[in-house]
There are 2 protein chains.
Amino acid sequence: MASVTIRDVAKKANVGIGTVSRVINKSTAVSQETRQKVLAAIQALGYTPHPLARRLSLGRTLTVGVVLPFLTLPSYVERLRGVQQMLEDSEYDLSLHSRENPAKLNQLIDELSLNKSVDGAIVFSLIPSELQIQQFAQARIPLILVDACHPDVNRVYIDDEKGGYLATSHLIELGHRKIAFLSDYLENPFKFTAMRKRYDGYRRALEQAGLPFRPDYHQEGTLGARDSFEKAKILLSLPERPSAVFAASDTHAVGVIKAAHELGLKVPENLSVVGYDDIRDAEYLDITTIHQPLFESGKESVNILLASLIEPPEAPSDVKLPIELIIRGTTARPT
Amino acid sequence: MASVTIRDVAKKANVGIGTVSRVINKSTAVSQETRQKVLAAIQALGYTPHPLARRLSLGRTLTVGVVLPFLTLPSYVERLRGVQQMLEDSEYDLSLHSRENPAKLNQLIDELSLNKSVDGAIVFSLIPSELQIQQFAQARIPLILVDACHPDVNRVYIDDEKGGYLATSHLIELGHRKIAFLSDYLENPFKFTAMRKRYDGYRRALEQAGLPFRPDYHQEGTLGARDSFEKAKILLSLPERPSAVFAASDTHAVGVIKAAHELGLKVPENLSVVGYDDIRDAEYLDITTIHQPLFESGKESVNILLASLIEPPEAPSDVKLPIELIIRGTTARPT
DNA sequence: CTGTTAGCGCATTCAC
DNA sequence: GTGAATGCGCTAACAG
């Protein structure tokens, strides 16, 4: 009923509460004898330190906040998994913060930097405002950006421009000349930048190969297979139909493949498709794609965070994770 | 630098800290005049109440814990989305707890019921032990089971046996006689029960139609499309090949469809497939399936939780959500 | 080594 | 209405 506190333990063990605290935090030396007494009392009473009291006293929340736009994207979930797993053996809790609305999301980040509710924050795909970055710094709350970059902030990311270039080049090397690009909206309310960079890589590869950029070969659609499907159908119904599509995410790629089937096109015989991200489904659906270490990016962000918590670093971490073209079954020479 | 506390605000506004607290919690009456003074001081100092101190004093953690086995299953993520969205406008934080290992997961639930770290807990697909259920009750921590049932605990669930029956009956009504069943392991370390019930429904439908149950028509594989793919190939390579497969989850169904393609079978012309869950991909991939309100189940669990927090209910909530057969493009009459 | 005391920052009685 | 005092449960600094 009445929660058992450290005082109860102290009384039962005939020691002061300080000693009990010492035993719990296995910090300073306590004689073997009294330690046993205390341990026995704790056992007998089924005592558990009250986390809030402990944290308030410590001046640490022992909580890591993860901020992400939405859970509907497999890549975010995979990153979250990485974060979760890395936090598993630490003393930190994971508090999840997500808002599917850009304004609310922004407000969320603000609160996280102002309310002293987390010891550190990991943000996916978003670049906080300069002010927010200052607020985190001022509050001494380590901030890690995943899949986003800012010179003053710890970051774990990949070279998206290069990824776009790799994907497109692969198609060019196979002999494709008519290469379409399907992406999320380059300009978007969340201000994601990855799509823009992949687009830049696409353009660069085309240019380098002396291929013209055709605006009608570029379609934008919301993330998610549904819209991709519709947009892909537009691309594949063009008078001069592309022989290959670079889809800026695997989810988009699924849409393209579906559209191809719908239009009676065989992949990769009649249409080559390259995706991006290498989410779990990509391997399974045998999609040629740009692999990016999603799970690892989550883990790495936690590593940086925990290290920063122990000792504030001089300069922000800059971890560029490797990407790799994974050739699977959705790309082939044009026929 | 030095965190601004309630005391600073009080000093600046020339009032006592009690008054500041009253203004913050808009509880007791405060004169319009002093309220303005306090508000101004708060504004000027950029004061934010320290969450931990507030919670310790209130005796409430203002945190809801969600426990789930893994994030690799789309249906869990969708449920989590529902929880998150419902919590968004509340004063509660969401702490995420997941362990992909049964033993660790069990330990997690134990801690949650013992450590006073959450005001309420939502558990996905698992039935805590009797002892754990008692611990939650004793700690007065409302517990909500989603996709799992226990007579003494709040629960949000669906009738899985009926779902299995509906799916199988649909195939029978189309004229199928050779109906295979692909599911997760009926006996599993997490002790999930949904699969077993869907299996029971499958058996009942067969029996009712006078169709024999054939053990070789039942394959079990881990969740996830990969393994489903392999197991589906076994089913589809049987001498007497089934004309239809009831897949106990949409993820399994995707595996079956993939296997069918691999073996040169057209869906639904040569093979009908019914899935289960109606995850986002199912609509998109046009899979006939049993719809279950995943997102809503998450929302509903929060509703029950918040209500229990305001007023402990006499009896546990029992919310059975409706399921529905959604006929899409993967089922047809056998040819 | 160990008991005691003083906060951590806030909510909430109490008197005024 | 409002201020001061008490306590939430714990850690840490301080004496002994």
Side-chain angles (χ1 to χ4, degrees), chain A residues 1-42 45-63 91 93 114-119 139-140, chain B residues 1-39 41-42 45-63 91 114-119 139-140:
Chain A
M1 182 71 248
S3 248
V4 30
T5 79
I6 197 173
R7 225 172 301 270
D8 301 320
V9 176
K11 197 179 301 175
K12 176 143 192 137
N14 276 324
V15 298
I17 63 170
T19 302
V20 178
S21 178
R22 274 183 280 265
V23 171
I24 292 169
N25 298 295
K26 16 185 160 283
S27 53
T28 337
V30 179
S31 86
Q32 202 50 241
E33 194 176 2
T34 53
R35 151 166 282 114
Q36 290 309 327
K37 275 199 305 184
V38 172
L39 254 24
I42 289 178
L45 268 43
Y47 168 72
T48 308
H50 188 121
L52 289 182
R54 181 174 155 71
R55 290 160 195 216
L56 177 61
S57 187
L58 279 171
R60 307 194 291 152
T61 64
L62 297 185
T63 299
E91 55 183 344
D93 278 349
L114 265 13
N115 296 359
K116 299 214 138 229
S117 58
V118 297
D119 287 343
R140 304 225 181 298
Chain B
M1 181 71 246
S3 248
V4 32
T5 78
I6 197 173
R7 225 173 301 271
D8 302 319
V9 176
K11 197 178 301 174
K12 175 141 193 139
N14 275 325
V15 297
I17 63 169
T19 304
V20 178
S21 178
R22 274 182 277 264
V23 171
I24 292 170
N25 297 295
K26 14 182 162 287
S27 53
T28 336
V30 178
S31 88
Q32 201 51 242
E33 195 177 1
T34 52
R35 152 167 281 115
Q36 290 309 326
K37 277 197 307 185
V38 172
L39 253 24
I42 289 179
L45 269 44
Y47 168 71
T48 308
H50 189 120
L52 288 182
R54 181 174 156 70
R55 292 162 192 213
L56 176 60
S57 187
L58 279 171
R60 307 194 292 152
T61 64
L62 297 184
T63 298
E91 55 183 344
L114 264 13
N115 294 359
K116 298 214 139 228
S117 58
V118 297
D119 288 343
R140 305 225 181 297

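Residue numbers begin at 1 in each chain, while the letters A, B, ... track the order of the sequences.
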J.: Test: salt bridge (Lys or Arg N to Asp or Glu O under 4.0 Å). Region: residues 16-31 of chain A. Which pairs qualify, not counting sequence neighbours?
T.: none
J.: For B:Arg7, which residues count as a salt bridge (charged side-chain N to carboxylate O under 4.0 Å, His left out) partner, sequence neighbours excluded?
T.: none
J.: Got a sec, which residues hit salt bridge (charged side-chain N to carboxylate O under 4.0 Å, His left out) with B:Glu33, two or more places apart in sequence or on another chain?
T.: none
J.: Please answer whether the main-chain N or O of A:Asp119 pairs with a side-chain N or O of A:Thr61 as donor and acceptor at a distance below 3.5 Å.
T.: yes
J.: Counting only side-chain N and O atoms of A:Thr34, is one of them less than 4.0 Å from OP1 or OP2 of C:dC1?
T.: no
J.: Could I get a table of every N or O pair under 3.5 Å where one atom is in the protein and the other is in nucleotides 10-14 of chain C?
T.:
unit_1, atom_1, unit_2, atom_2, d
C:dC10, OP1, B:Tyr47, OH, 2.4
C:dC10, OP1, B:His50, N, 2.9
C:dC10, OP2, B:Ile6, N, 2.4
C:dC10, O2, B:Ser57, OG, 3.1
C:dA11, OP1, B:Asn25, OD1, 3.3
C:dA11, OP1, B:Asn25, ND2, 3.2
C:dA11, OP1, B:Arg54, NH1, 2.5
C:dA11, OP2, B:Ser21, OG, 2.9
C:dA11, O4', B:Ser57, OG, 2.6

J.: What's the verdict on side-chain contact (heavy atoms from CB on, under 4.5 Å) for A:Lys116 and B:Ser3, showing C-alpha distance, side-chain angles and the deciding distance?
T.: CA-CA 9 Å; A:Lys116 299 214 138 229; B:Ser3 248; 3.4 Å; yes
J.: Which pairs count as salt bridge (Lys or Arg N to Asp or Glu O under 4.0 Å) when at least one residue sits in residues 51-62 of chain A, sequence neighbours excluded?
T.: A:Arg55-A:Asp93, A:Arg60-A:Glu91
J.: Expressed in angstrom and rounded to an integer, what is the separation of B:Lys116 atom NZ from D:dC8 atom P?
T.: 14 Å
J.: At what angle, to 10 degrees, do the two end axes of the helix from C:dC1-D:dG16 to C:dC16-D:dG1 meet, given five pairs define each axis?
T.: 40°
J.: B:Leu56 or B:Arg35: which one's nearest nucleotide on DNA chain D is closer to the 5' end?
T.: B:Arg35
J.: Measure the distance from NZ on B:Lys37 to C1' on D:dG1 and round it to the nearest whole Å.
T.: 12 Å
J.: Flag the pair A:Leu56 / A:Leu52 as yes when at least one side-chain heavy-atom distance between them is below 4.5 Å, and no otherwise.
T.: no
J.: Looking only at heavy atoms, what is the nearest atom pair of B:Ile6 and B:Ile17, with distance?
T.: CD1-O, 3.7 Å
